[in-house]
Amino acid sequence: LPESSNAAHYYNDYDSVPESALKIQATIYNRAFELFRKYKDNISNVTFWGVSDVNTYMNNDKNHVGRMNYPYIFDVFDSPKESFYAITSF
């Protein structure tokens, strides 16, 4: 998903990510996966750049030094986020 569409990206520590941002993130993932399922005959796979927020390439962005990002479906404790359930419960 494009970086600009992921609501849970721009918080400095995990405890400060508002639940509202995580809900928006789940909605965005859900909408994307609805399209993927709709066009499944034309899609062979969906690839994530990583698994959990604990280790995301986006935290090493030279243009945003010190900014933490939370783009994935598992949190920094490797626990499923609402986004995980949004794309696996259909």
Query raised in the report: Got E82 and Q25 here, is their nearest side-chain heavy-atom distance under 4.5 Å?
Result: no

Report summary line: The side chain to side chain contact (heavy atoms under 4.5 Å, CB included) partners of V51 (sequence neighbours excluded) come to F74

Report summary line: Here the salt bridge (charged side-chain N to carboxylate O under 4.0 Å, His left out) pairs for residues 28-40, sequence neighbours left out, are none

Query raised in the report: Are the side chains of F84 and Y29 in touch, meaning some heavy atoms are under 4.5 Å apart?
Result: no

Query raised in the report: Below 4.5 Å, heavy atoms only, C-beta onward: do Y70 and V76 meet side chain to side chain?
Result: yes

Report summary line: Between I24 and the options T27, I28, L22, the side-chain contact (heavy atoms from CB on, under 4.5 Å) test singles out I28

Query raised in the report: Which heavy-atom pair separates I87 from N30 by the least distance, and what is that distance?
Result: CG2-N, 4.2 Å

Query - With sequence neighbours excluded, residues passing side chain to side chain contact (heavy atoms under 4.5 Å, CB included) with D78 - result: S52, V54

Query raised in the report: For the side chain of N69 and the backbone of P71, is there at least one donor-acceptor N/O pair under 3.5 Å apart?
Result: no

Query - F33 and F36 aromatic ring geometry - parallel, tilted or perpendicular at 30°/60° bounds - result: perpendicular

Report task. Check side-chain hydrogen bond (donor to acceptor under 3.5 Å, both in side chains) between N45 and all other residues, then give those that pass, not counting sequence neighbours. Result -> T47

Requested in this report: Taking ring-ring contact (aromatic ring centres under 6.0 Å, His included) as the test, write out the residues that go with Y85, two or more places apart.
Outcome: none

